[in-house]
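Below you'll find the structure, written out as structure tokens, and then a few comments.
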Amino acid sequence: MQKYNHKIEKKWQKQWEKDGLYKTPDTAAKKENYYTLVEFPYPSGNLHIGHWYAFAVPDIFARYKRMQGHNVLFPIGFDAFGLPAENAAIKNKVDPKKWTYENISRMTEQLKSIGASFDWSRQVITSDPEYYKWTQWLFLQLYKKGLAYRGKAVVNWDPIDKTVLANEQVLPDGTAERSGAVVEKKELEQWFLKITDYAERLLKDLGELSWLEEIKQSQRAWIGKSEGALIKFQISSLKFQIEVFTTRPDTLFGATYLVLAPEHKIISDLRLQISNWNEVERYIKHALAKKDIDRIAEKGEKTGVELKGIKAINPANNEEIPIWVADYVLGGYGTGAIMAVPAHDERDFAFAKKNKLPVRTVVAQKPVTHVVAFLESKQRPGTFLFQQRDKGMPTNPGGIGLFGGAIEVGETIFLQSLARELEEELELKLGEQKIVSTCAFEANESDRHIWAAHIRDIDESSLRLHEGKAIVPLTLEEAIVHPRMNPRVKDAINAYLLGTRLFIGEGTMINSGKFDGMESEEAKEKITAFVKGKKETTYKLRDWLISRQRYWGCPIPIVYDPNGKAYPIPEEHLPWTLPTDVDFTPTGEPPLASSKELKKRTEKIFGKGWRSEYDTMDTFIDSSWYFLRYTDPKNDKEPASKKLLKQWMPVKRYSGGAEHTTMHLLYSRFFHKALFDLGIVTEKEPYLSRMNRGIILGTDGRKMSKRWGNVIDPDTQVKMVGADSVRLYLAFIGPYNTVGHYPWDTGGIAGTRRFLERVWKLQEKIAKTENDTLNPELETLTHQTIKKVGEDIENFKFNTAVSALMIFANALEKEPVILKTQYELLLCLLAPFAPHVTEELWKGLLHTSSIHTETWPPYDEKKMEKATMTIVVQVDGKVRDEFTISKETTEEEIKKKAQVLDKVLRWVEGKDIQKILYVQGKLVSIVTKRKHE
RNA sequence: GCCGCGGUGGCGGAAUGGCAGACGCGUUGGACUCAAAAUCCAAUGAUGGCGACAUCGUGAGAGUUCGAGUCUCUCCCGCGGCACCA
């Protein structure tokens with residue numbers, strides 16, 4: 001037998017390509033179509049190990065689905081437009097197109113070495129005119145539907161390079177990456193897509209998707225729906241009104257001041273009435289000059305200035321309240337003005353505290369009152385017990401500790417009197433026991449364990465221990481200065497003592513006139529109506545700015561007449577090609593403006609004085625529909641035919657990086673929904689399920705980077721151990737369905753190589769004669785393995801699938817002889833992971849067809865089970881022994897048997913058995929009566 | 001500051017509330033060898049014990065439970081995201 005040599009991989013890759021093994025037909029007889037997608041790569045130049053992780057591991061899933069009898073679409077392409085090509089063009093004076101397509105051809109070669117089952121004939125490259133023609137066409141459909149519009153937007157402007165910068169090109173200190181200039185803001189007229197029109201549907205339809213909850217959560221947060229009310233505040237003695245948006249109209253009676261964003265237009269209108277105008281103007285100037293960076297740096301420091309000389313009137317109680325301007329209120333959200341309710345909003349609270357503004361509580365928390373009494377122990381004088389009352393605290397079975405009974409108190413009850421009540425009650429119940437001290441505090445329900453938690457390791461002089469519990473007599477005043485007291489309890493006590501505090505939740509209305517006693521949820525609507533406010537829903541989501549002042553992107557198919565009016569370019573002129581005669585030297589104009597060809601072309605078609613749009617599209621548009629094109633990549637009549645879309649869409653499983661959780665996924669969902677409304681696609685949602693993968697780190701546990709010199713080059717690895725070993729290693733490194741960070745381990749990859757060598761050697765053990773006897777234990781394991789490997793692949797838990805294969809192979813190794821069918825089964829299960837070596841071995845067994853056309857072996861649930869079961873015996877929760885017994889044994893017999901085991905007898909001796917629990921087929925738990933104390 | 005995720009041996013990780021550490025790496029010992037590599041066999045959470053065995057052990061502290069890595073609460077630490085979103 002020859003030794004395993006991974007040089008066979010090239011041979012099989014060529015053979016598969018020759019046979020068209022992975023060509024995906026639009027339909028296949030008796031096979032259901034199944035579409036699984038991986039985010040397509042940007043052609044950065046070199047395939048790195050992250051690409052392998054992204055493509056080779058989902059390939060296992062695609063191959064598995066194929067063996068299960070599906071007609072699997074597992075396509076690949078390139079997201080080829082983008083900034084790096086343009087940067088290379090500026091830096092090295094190369095043509096972005098040349099740079100991009102050379103990278104594509106190099107990466108294609110490298111991608112083929114993965115041994116992935118891509119159908120290359122369906123490849124999609126977004127910078128091909130055949131592709132971007134349809135990107136433009138789709139844009140025009142959205143435009144005609146009124147979903148694209150022109151508006152003003154601010155960009156990062158580099159005054160030295162005279163160019164627009166991406167956020168990525170702006171360093172954290174606010175200077176430009178390349179030129180070092182201080183980045184400025186510049187307002188430009190740009191194109192937007194109305195994603196906000198779809199906010200509600202994007203939110204609602206998440207419910208139907210089987211995505212991980214955390215991914216859905218991120219999308220929800222990004223959409224950021226909030227329901228509230230618009231309420232108008234009159235400015236006293238003037239005709240002006242300030243409208244605010246609030247999600248808590250129920251707290252209106254607690255609004256003790258208004259805050260305007262520095263951008264708010266009304267401020268300059270009120271200039272003459274503001275007595276400290278100079279100060280205000282200075283503040284606004286300073287605030288508006290602030291960059292995002294400064295705002296982040298000023299974490300928690302909330303600055304602001306009062307507008308002196310004017311007051312607003314709270315429409316709920318007609319109180320005059322001050323008006324402030326502060327940059328913690330944003331101009332671009334809501335109405336740019338808020339009513340500040342410091343008692344019920346964290347930011348308002350912090351601001352009010354700093355500026356000594358009044359705080360008025362209008363929503364009362366349903367308090368849980370803790371009342372603690374300290375008693376001297378009867379049995380052991382000198383030690384203390386504490387009695388505590390609060391909600392839901394059960395009676396302590398261990399004696400005198402805690403006793404239960406919920407006390408719900410309204411905000412008017414005096415805690416001290418409650419404490420006295422408890423004292424009296426305790427005296428009745430406990431007779432002679434002396435109460436040493438009592439204290440009470442309010443806290444919310446979740447604080448109820450703090451008391452017990454915080455007192456464990458206090459200075460011994462201040463406590464005594466009793467039955468493992470420590471007791472600290474504290475008055476409220478002592479409690480708030482106690483070093484070990486939980487800060488939240490401290491706050492609660494503090495707030496109680498001061499009579500003011502912050503409370504964010506829902507509760508009962510107080511200090512709110514006729515609304516007192518109402519639930520805050522109900523009061524939201526009632527108070528809004530009372531002050532004639534308007535119910536309003538807002539979203540954080542903003543419209544999608546798609547204009548880019550760059551060259552290497554899809555041209556926006558728009559022309560302007562001599563008056564600057566915009567017109568869509570008629571379909572027959574698509575693709576509206578990217579000109580090649582452009583100057584990349586920054587001039588302050590977008591690169592396309594420098595093209596003579598584009599100018600000529602535009603004027604020839606539309607007339608003198610007409611000009612083309614010079615901006616190109618955000619590449620997120622290219623990637624918002626590429627998956628549709630895979631279904632029908634050669635179509636020159638439409639983006640993709642509805643027939644083929646119907647056959648393939650929606651994508652059943654989409655895997656990609658966590659960095660695309662919000663933007664890409666949300667944008668493409670929006671795009672797809674808009675196309676659905678236009679009747680271009682057939683499904684409401686593009687992706688049924690989504691998995692985010694983790695990241696491969698360097699051997700030192702840091703992110704791979706040239707800077708650290710810890711970059712693992714996949715080509716070198718493949719040369720050393722072969723693609724199969726690399727694939728298997730990446731599958732084995734950790735679960736693929738969570739965002740983990742996995743350091744590369746050179747020993748680990750040697751391990752997977754070793755495993756494949758052992759599988760290779762196993763062929764020597766195949767029985768030469770037709771001898772059908774099989775170790776029965778091996779049969780059980782066989783069926784377990786088939787089940788386990790299949791289910792794990794289905795759930796993207798490739799690591800445990802590999803582990804199961806190793807266990808199976810280890811078991812085969814222990815046998816002196818194995819059946820050919822056994823070995824073939826192992827090869828089939830391993831085939832999706834290591835396609836080359838399994839094919840070599842399969843063909844070595846004289847099969848004529850490829851192993852990759854085999855069907856996934858079935859398993860028999862009955863054959864998975866053993867005839868016996870192992871029962872673990874616990875005594876008081878600790879495992880003491882185990883025994884193996886026939887499956888037929890009754891519960892009665894098992895319990896009996898468990899009690900007479902030697903080791904069990906040893907632990908039960910001298911104790912009374914209180915009860916015996918039996919968990920079917922697993923364990924017996926014997927609970928003894930605890931010694932009475 | 002807010003939101004999300006996580007914390008298990010020397011390392012990557014495994015574990016429907018039921019024997020914590022599967023599988024792999026590493027390490028140690030042994031076999032083979034003149035020797036080394038490769039390969040094979042064995043051991044490998046910590047502590048105590050010659051040993052059978054015992055105790056402790058999943059970031060910390062509490063709670064629920066016959067039983068908690070897993071469920072609840074508080075705290076600490078790490079990672080990721082962010083638009084101070086009213």
Side-chain angles (χ1 to χ4, degrees), chain A residues 213-215 217-218 221-222 224 226 228 244-248 251 259 292 295-296 298-302 326-330 332-335 337-341 344-348 350-351 393-394 445-457 486-489 538-542 658-659 661-662 695 699 701 728-729 732-735 738-752 754-755 757-758 761 797 799-807 810 813 870 872-882 903 914-917 919 922-928:
Chain A
E213 196 47 44
E214 65 206 69
I215 302 179
Q217 194 51 43
S218 304
W222 195 264
S226 56
V244 305
F245 173 72
T246 177
T247 52
R248 292 294 302 269
T251 62
V259 188
D292 297 352
R295 288 196 165 193
I296 294 161
E298 276 175 31
K299 266 177 208 172
E301 255 312 295
K302 288 179 175 52
D327 66 2
Y328 81 94
V329 174
L330 303 178
Y333 185 78
T335 61
I338 62 156
M339 61 180 217
V341 187
H344 304 291
D345 181 276
E346 248 177 286
R347 290 174 309 270
D348 297 344
F351 192 77
M393 187 69 89
E445 197 180 346
S446 59
D447 281 335
R448 92 186 135 102
H449 302 304
I450 304 305
W451 191 254
H454 89 271
I455 54 183
R456 169 130 294 188
D457 46 350
N486 181 285
R488 281 181 62 188
V489 178
T538 61
Y539 300 88
K540 285 194 236 172
L541 187 66
R542 294 177 195 155
E659 69 274 21
T661 301
T662 42
I695 305 166
T699 49
L728 202 61
Y729 173 64
F732 191 50
I733 201 165
T738 52
V739 185
H741 294 81
Y742 310 113
W744 186 268
D745 178 7
T746 41
I749 191 157
T752 54
R754 212 143 44 212
F755 170 67
E757 281 170 7
R758 279 164 47 207
K761 270 190 236 157
K797 288 173 77 178
N799 56 333
T800 46
V802 174
S803 159
L805 287 169
M806 286 171 166
I807 292 168
N810 289 349
E813 241 174 10
T870 303
V872 169
V873 186
Q874 295 185 341
V875 179
D876 290 332
K878 281 193 187 248
V879 176
R880 293 305 178 188
D881 204 358
E882 63 173 43
K903 284 182 192 165
Q914 201 173 35
K915 60 175 157 176
I916 300 174
L917 289 114
V919 180
K922 276 196 177 146
L923 89 150
V924 173
S925 182
I926 299 170
V927 186
T928 66

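Side chains included, hydrogens not; waters and symmetry mates left out as well; all remaining heavy atoms used. Naming convention: chains lettered A, B, ... in sequence-line order (proteins, then strands); numbering from 1 in each chain.
In this structure, the CZ atom of F245(A) is 7 Å from the P atom of A86(B), given to the nearest Å. The NZ-C1' distance, from K540(A) to C84(B), rounds to 11 Å in whole Å. To the nearest angstrom, C1' of A54(B) lies 10 Å from NZ of K878(A). Nucleotide A68(B) holds its C1' atom 16 Å from the CG atom of D876(A), rounded to whole Å.
Residues satisfying the side chain to side chain donor-acceptor pair (under 3.5 Å) criterion with T661(A), sequence neighbours excluded, are N692(A). For R758(A), the salt bridge (Lys or Arg N to Asp or Glu O under 4.0 Å) criterion is met by E813(A), not counting sequence neighbours. With sequence neighbours left out, T538(A) forms a side-chain contact (heavy atoms from CB on, under 4.5 Å) with S226(A), F245(A), Y333(A), E536(A). With sequence neighbours excluded, the residues that form a side-chain contact (heavy atoms from CB on, under 4.5 Å) with D745(A) are Y729(A). When the side chain to side chain donor-acceptor pair (under 3.5 Å) test is applied to Y539(A), the partners found at least two apart in sequence or on another chain are E200(A).
Taking for each of M339(A) and S218(A) the nucleotide of RNA chain B with the nearest heavy atom, the 5'-most of the two is the partner of S218(A). Toward the 5' end of RNA chain B, the nearer of the two residues K915(A) and I338(A), judged by each one's closest nucleotide, is K915(A).
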Polar pairs (N or O, both sides) under 3.5 Å between protein and nucleotides 5-8 of chain B?
none

Check the interface with nucleotides 42-48 of chain B: list each N/O to N/O pair with the protein under 3.5 Å, or write none.
none

For nucleotides 79-81 of chain B, print each protein N/O atom paired with a nucleotide N/O atom at under 3.5 Å, atom names and distance only.
none

N/O-N/O pairs, protein side and nucleotides 18-28 of chain B side, under 3.5 Å:
| from | atom 1 | to | atom 2 | distance (Å) |
| --- | --- | --- | --- | --- |
| G18(B) | N2 | Q874(A) | OE1 | 2.5 |
| C19(B) | N3 | E882(A) | OE1 | 3.1 |
| A22(B) | N3 | S803(A) | OG | 3.4 |
| C23(B) | O4' | S803(A) | OG | 3.1 |
| G24(B) | OP1 | N810(A) | ND2 | 3.3 |
| C25(B) | OP1 | R754(A) | NE | 3.3 |
| C25(B) | OP1 | R754(A) | NH2 | 2.7 |
| C25(B) | O2' | D745(A) | OD2 | 3.3 |
| G26(B) | OP2 | R754(A) | NH2 | 3.4 |

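Within the structure, a side-chain polar atom (N or O) of K797(A) is placed less than 4.0 Å from OP1 or OP2 of A15(B).
Rounded to the nearest 0.5 Å, atoms CD1 (I749(A)) and CD1 (I733(A)) are 9.0 Å apart.
When distances are taken from the side chain of R542(A) to each of A86(B), C85(B), G12(B), the shortest belongs to C85(B).
Within 4.0 Å (heavy atoms only), Y742(A) reaches sugar-phosphate atoms of the nucleic acid but no base atom. Using a 4.0 Å heavy-atom distance criterion, I733(A) is classed as a sugar-phosphate-only contact.
Here, C5(B) and U16(B) have their C1' atoms 23 Å apart, quoted to the whole Å. The same atom, P, is picked in C75(B) and in C84(B); the two are 25 Å apart, to the nearest Å.
With contacts defined as side-chain heavy-atom distances shorter than 4.5 Å, the pair F732(A)/T800(A) does not qualify.
Side-chain atoms of D881(A) do not come within 3.5 Å of backbone N or O of V872(A) as any donor-acceptor pair.
Where pairing requires Watson-Crick or G-U contacts shorter than 3.5 Å, the helical stems of RNA chain B with at least three consecutive pairs are B:1-7 with B:76-82, B:10-12 with B:23-25, B:26-31 with B:39-44, B:45-48 with B:53-56, B:59-63 with B:71-75.
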